[in-house]
Each structure stands twice: as C-alpha cells, then as structure tokens.
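First the structure, in the form of structure tokens, and then the observations on it.
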Amino acid sequence: MTTSRTSRWGDPQAGGAGKGLLMFLGAASLLAFGLWMLWKPVFQPMIGEAIPTRVTEVTAFPVPVHDPQVVLTIEPDWVVQRGVFDDATALVRTPDLGLEITVDTWEHGTGPSLEAAMREVLDQEGEARIERIAAGVIARSAFVGEGRNERLIVAIGNEHDPLERAVAIVTAEHSDRAPEDADLSDAVPAVAAFVAGIEVVE
Amino acid sequence: MTWTRRVLASLLVGGMLGSSLPHMVPIAWVDIQPVAWDAPTWADRAAITIPPEPIDAATLSGVHPIGAFDAAAGIQAGALLVPGANLSIEGKRVDDEILEELKELVQEAEERSGERFHPEPTPRRGCAYGSTTMPLEDLLADPTLAPPGGSGSVVNCDVVFAVGEMLAIRSRLTAAEAPDGEGTEDRGNGDTSAWSDDTRVHLIDVVEGVRVTPAEFWQEDAREELWSVTVDAIRHDARGISLLPVASDPDGDLLDGILEETVFLPNGGILLTVPAGFHAPELDGLLPDVGEASVGGTPDRMTLQLDETEFEHLLTPLGAYVRTLASESREFGVPFVWAGERRVDCALIACVALTFDGGPSDVTPVIMNVLAERDAAGTFFVRGERAGSFPDAVWRGFAEGHSMQNGTQTGADLSKLREMIDLGIEITSGRNTVADITGEVPTMLRPGAGDVTKRIVEAARMPAILWTFDAAVTTIDEIAAQVRAGDIVRVPEDADALAGGHDSASGTAMLVEALQARGFELVTVRQLFGGRVPPPGVYEHAR
C-alpha cells in the first residue's frame, strides 16, 4: 500500500507558487516604487505634457518648460500638448480641433534672425510681411501653400534686439478635421489673437 | 475607447499628471473629441466690400452727356450736365461749375502739352459705365477710356446714385505724371509708367441747385475715427495679424480723398472708397511695393462698408439728410431742358450749328420733330412773309428752345436792293414778324441768297450769319466728313431737294444723325458764339 506523504506544511509545490507570487509582488512593488520615484524627474518631462490636454481656464504655457523663450496663453477649451521628447515645441489646437498651431522655439539667444528664420521656412515660396504685434515685439509673417493646405507662418522676435533674432516660429494650418472648404483667411483672427497672447520672455 | 481604458486613463493620467498640471484637466488619453467653437472674427466696424454697381447714365432723364476732346492737347473728358437743376440761392448754376472745372482741366492740359486746345468731336460723351471703379491697368488698356494717345489726361465718370432730387456722380481724373518724374509711382504691376489717378464724388441737389462734395457729410471730429477704421479694415483685408490699435495720425490728404467718396446706399449703408496708393505706418510692412524708392500703398481702389450704427452720429446734418434721401425709393427727376436752352461751352465741346432758312413751311414741324427726337437745337431764319401762314411753327420753334431769327421779309437778295428804305423794310419787317409771334426780337440776320455787303450790315445793325457748308450744294456725307467744331451748316427749308437728292426733312435727319455719331453737339448759333450775339459783321463760322 502506498501512502502519500503530505507535509504538515502543505504541498511543497504549492509553497513554490506562493513564493513566486511573493517575489512577483515584491518586484512589482519595487518597479512601481521606482516608477513613482522617477516619474517627476524623468518620465513626466518626457511624456507628461505630450498628452493632448484640453484646458478649462486661461492657462499660461511656457515653451520650453525650462528657461522658456515664450509663454503661450491658452484659452479655455483649446487643446495643448508638447512635442514628445521635445519640450521646445508646442502644439495647440482650437476647441473644434480644426486648426493646429505649432510653436517652435530655440534656446535663449540661439535663434536665427527673423529674416533667416523665415527664409528657412519659406524656401522662396512666399513673401514675408512685417508687423509690430505688441510693444517691443515684431513678427514676420507669410502665407504659403494654397487652398486647404495653406499655412500661416509667423516668426516672432524682440524689436529691440539689434540682431532681430527669432524667439519662436508659429505655424498655423488646418487639420484633417477641418472641412474641405476651410479657408485659412477665416482663421486669421484666431491666429492673430493667439499670437497676441504670446509673451516673449526677456 | 472601452470603459476599462477610460478607468485606466483617468486613474493613470488623473492620478499622476493631474497634480503636476494644475491648470489642465486631461479628458482622455489621446482621443480628444472636438467641441463646438465659434471662430473669432475681426471686431471691425468696417469691412472691405464689393463696390456697388453704378447706374447707367443713359437711363436717367434730364441729364445731358458732354465730351471735351483734343488729341493734340492730350485730353479727353466726359461729364454729365444737369440743365434742369435750379439756380442756387447765390444764383449759381450747377452746369456752370461743371464746365468751369472742365475748363481748368483743359488749361492744365494746354500747359502740359504746350498745345492750344481746340475741341474735336468725340463719340465718348458723358459717363462710361463702370469706368471709375475698374483697375487702372484695365482703364489704360481701353482706348475708349484711356487718355488720347496713351498720354495726357482723361476724365471718366459714373453715376453713383440718383434718387429723388439727388444725383451723385463720381469723376475719375487719370493723368500722366510730369515728364520730369516728379511724383512718379511704381504701382508694382510691371508697368513703370507713372500715372496719377484721382476720383471724387459730387452730389447735385437739383432743387437747391447746389453741388457739394461728400466730405461735407462728416463732422470734423469724425476724421480720426474714420482713419483708424480704414487702416484697420485694410490691415485685416491684407491678412495682417497685429491687433495693436491704430496709433498713427490721419494723413489729411489721404483721408480727404476717402471722405470725398462717401456714398449712401438705399439700405442705409455707408460706403467709403479708398483710392489706390493708400498707406499708413501700420500698413507699411504689409502692403506690397513699399520701399525706399517708392511710395507704394494699396495697389487698387477699395470700397469700405461702415457699420452705419457706429458712424451715423458722426454725420453732419447735411450728411444725415442726404443719407435719409438716399434710402428713399423715389425716382430721380429733373425738369427737361431743350437743347437750345442749355449751358454749352463750345470752347470746350465740339459744336456745330444747324441753320434753316426759307421757311417756315409744312416741312418745318417735321424738321423740329427730328431735332426733338435727337435732342438737338437749330437756328431758324424765319422769312416774314411766310411766318404769317405758319405762326404755330414759329411759336413751336421758340417754345422748344430753337433760335428763331430774322430771315428777312421775302428772302430777297439784299445786295440787289438799291434803295436804303427797301433794305430797311426787308430787314425790319422780317424782324418784327418774328418778334410779334415769339415776343422776342431777333438779333441775327440771314440775308437772302447769302450775298452781304457792308451796306447791308450797317443797315441791319446785327450780325449776318452765313454758313460754312450749304446742304443744297454739299452732300450730307461730305458735310459730315468735313465739318469742324464751330462750323455753321445751312439747310434750306424750301428746297425741293438737297445735294444728294434728299428733301429737307430726311436730309436733316441724316445730317443730325451723322454729326451726332461723330460726337458733335448741335447747338444754336448763339450757343456756338458762347451764348452771346456776336457784334455786327459777317460770320461763316465761329472759330
């Protein structure tokens, strides 16, 4: 007769599974703790504001996050996000998501001249006009492309900078969600209001 | 998105991100839904609009088109006269003002060209529909609208509105700039020729007999506001993005040019027209062609529609009054004036006088019908002995503005009358017969057969009017081809046949048509001589 041996400590195989579970839980907790510890200094700057976010009240949005060149004013219901792994770029969308406005900046003092910045973007396609958009702030702007693919490009700079360096390039264009007959001219007042809300950080 | 993903997203994003993004409430992981949004628009109190269609001047009764033209002096000017307008309180006549302005333009053309102005016939009379609103390049490319020979100056016009007793006419003066290049402008269209191109509107009140410029519609303190709203509207039309308020001081000349083209619409709207070349500091970086070497500015004329509720309080009482009138739907009306009673300046306009003698007869009313239909005037040298048989024809001619003059009593050859008393009877009897019928004493004489001696002139003590062309001798085609401004054409009423085989009535119709087609104004002899009776003498023309 064969009698099965049972430990009063239970099934040895069952004990192995529990150990494994414990180890897993421990490792998971460690990982979670590590993530939690690293979220603010590492992960959140990388992907945190890359998530499209609809703001509910007027929001100041510095670009880049550290040592900002400009501070955007985001109106309620507008959607904003940063570039993934690139906090020097912001993408702002109108509440209906029909218009996309990209803001690109440089590190302080490294921007090209407004003229050079526009030349680089325009590639001989359009003619830049120049306007004062706020006290001490000038903008070179141009419309490039045609019809629904038309883009408004605005290079913003400090009027008192002897080198007229650009601090940001703003590009506005219709998104895929815009109607087929969308005309960028109709969006100019919205872009103008957005540009007027850009604060250039000295 | 499934509910589990929603929960995860809200836990993860809400828990981890929410605290670090205090002003943002993530609503989804990546799938953001659009929400309704009214895109902002310019909060402008004015906007660029399409100019209203002008009124076809040919549809208006009571206005008379004229044209001054001389290729050598380099000027062509079309204008509308309003002969039926009342005299103003100061006793001025609207047509005199219009003719005076034309005269000034002619003088400028003479100075510029160094040529003395001699009016030539032109088929371009009055206003050419749409000529004051078309782009300058189009106007210069149209030989009927451009200055003669492509240089010099041209005046075009349009009727802007015509309501009740109000008539608004826009005139456009386009002139080649001085050859020394002063004031030249590169308008950026590849055409380096320099032109000045100015328009202005005049409003005529035919009852009050006044002609005003619409700048008088605005109060003085409206200027700054109108400047600001104009600059803002142009800035936005040029797709500028600045929201800074207009801070520049109004340019007086530019603003005057705009206000002078104020037009009220039947719906109460207020339009301003911004001339090409408008510029302001706020627009300098936006508009093309602005550079150190050029003035630049707006390339074309622009029409600006004001928000009338914002601006009506800035109108003067005159402006408010005219705006009210413009909104009424009354048809324009001005009393008709016969051709022979109009103000005509034959020093500006190519005129020819048609003269008739040998009547009256049964043909006379037929000739008068022709003249009335074609809006032409004539001078009838009435033979006294026939006037008694056709007093109605004489009276009608007088009533319809024709000049009823002395054709002597019998039409005898005065040069063959030896006795002074016979000569006197022939002349005075003819004169008195006409005066008895019309109540107006004739001041000109046509001696029978056209033979005139010094003795006849002395006896008549009035000018003897002969002719340049005689339709009994020269065919109508030849007359029409050879006649010049200031000429006098004779059409005998009693002739069975004119040269070429026409009778007097049909010949007159053909002659009138041919001369008007060439652009001649058909006037009385008195009008031909500047509205005055020339001193005693013999006249074959008025040049």
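A, B, ... follow the sequence lines: proteins, then strands. Residue 1 opens every chain.
Contact tally against chain B (heavy-atom pairs below 4.5 Å) for A/Val79, A/Thr94, A/Asp77, A/Asp186: the top residue is A/Thr94.
Within 6.0 Å of CG in B/Asn267 there are more than 12 heavy atoms belonging to other residues, nucleotides or ligands. Few gaps surround CD on A/Glu75; more than 12 heavy atoms of other groups in view lie less than 6.0 Å from it. The neighbour count for B/Asp221 CG, taken as heavy atoms of other residues, nucleotides or ligands under 6.0 Å away, is above 12. The environment of CZ in B/Arg301 is crowded: more than 12 heavy-atom neighbours from other residues, nucleotides or ligands sit within 6.0 Å. For B/Ile50, the CD1 atom is loosely surrounded, since the number of other residues' heavy atoms within 6.0 Å does not exceed 12. Within a 6.0 Å radius of CD in B/Glu224, no more than 12 heavy atoms belonging to other residues, nucleotides or ligands are found. A/Glu107 CD: 12 or fewer foreign heavy atoms inside a 6.0 Å radius.
Proximity to chain B involves both the backbone and the side chain of A/Ser185, based on heavy atoms less than 4.5 angstrom apart. Interface residue A/Val154: only side-chain heavy atoms are found under 4.5 Å from chain B. For A/Ile74, no part sits under 4.5 Å from any heavy atom of chain B, backbone or side chain. Heavy-atom distances place the side chain of A/Ala196, and not its backbone, under 4.5 Å from chain B.
Side chain of A/Arg54 to main chain of B/Gln33: a donor-acceptor pair is present (N/O by atom type, distance under 3.5 Å, no hydrogens or angles). Side chain of A/Arg129 to backbone of B/Asp284: no donor-acceptor contact under 3.5 angstrom is found.
In terms of heavy-atom proximity, A/Asp96 sits nearest to B/Pro34 at O-CB, 3.4 Å. The minimum heavy-atom distance linking B/Pro40 with A/Pro189 is given by the pair O-CB, 3.4 Å.
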Test log, rule side chain to side chain contact (heavy atoms under 4.5 Å, CB included), inputs A/Glu131 and B/Arg235: CA-CA 10 Å; A/Glu131 287 177 276; B/Arg235 176 160 67 177; 4.0 Å; yes
Steps toward side chain to side chain contact (heavy atoms under 4.5 Å, CB included) verdict (A/Val188, B/Ile241): CA-CA 7 Å; A/Val188 172; B/Ile241 57 168; 4.1 Å; yes
Criterion side chain to side chain contact (heavy atoms under 4.5 Å, CB included) on B/Trp37 and A/Leu97, from CA distance to verdict: CA-CA 9 Å; B/Trp37 175 65; A/Leu97 310 180; over 6 Å; no
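The closest side-chain donor-acceptor pair between A/Arg132 and B/Ser242, if any, does not fall under 3.5 angstrom.
Rounding to the nearest 0.5 Å gives a distance of 6.5 Å between OG1 of A/Thr53 and CD1 of B/Ile32.
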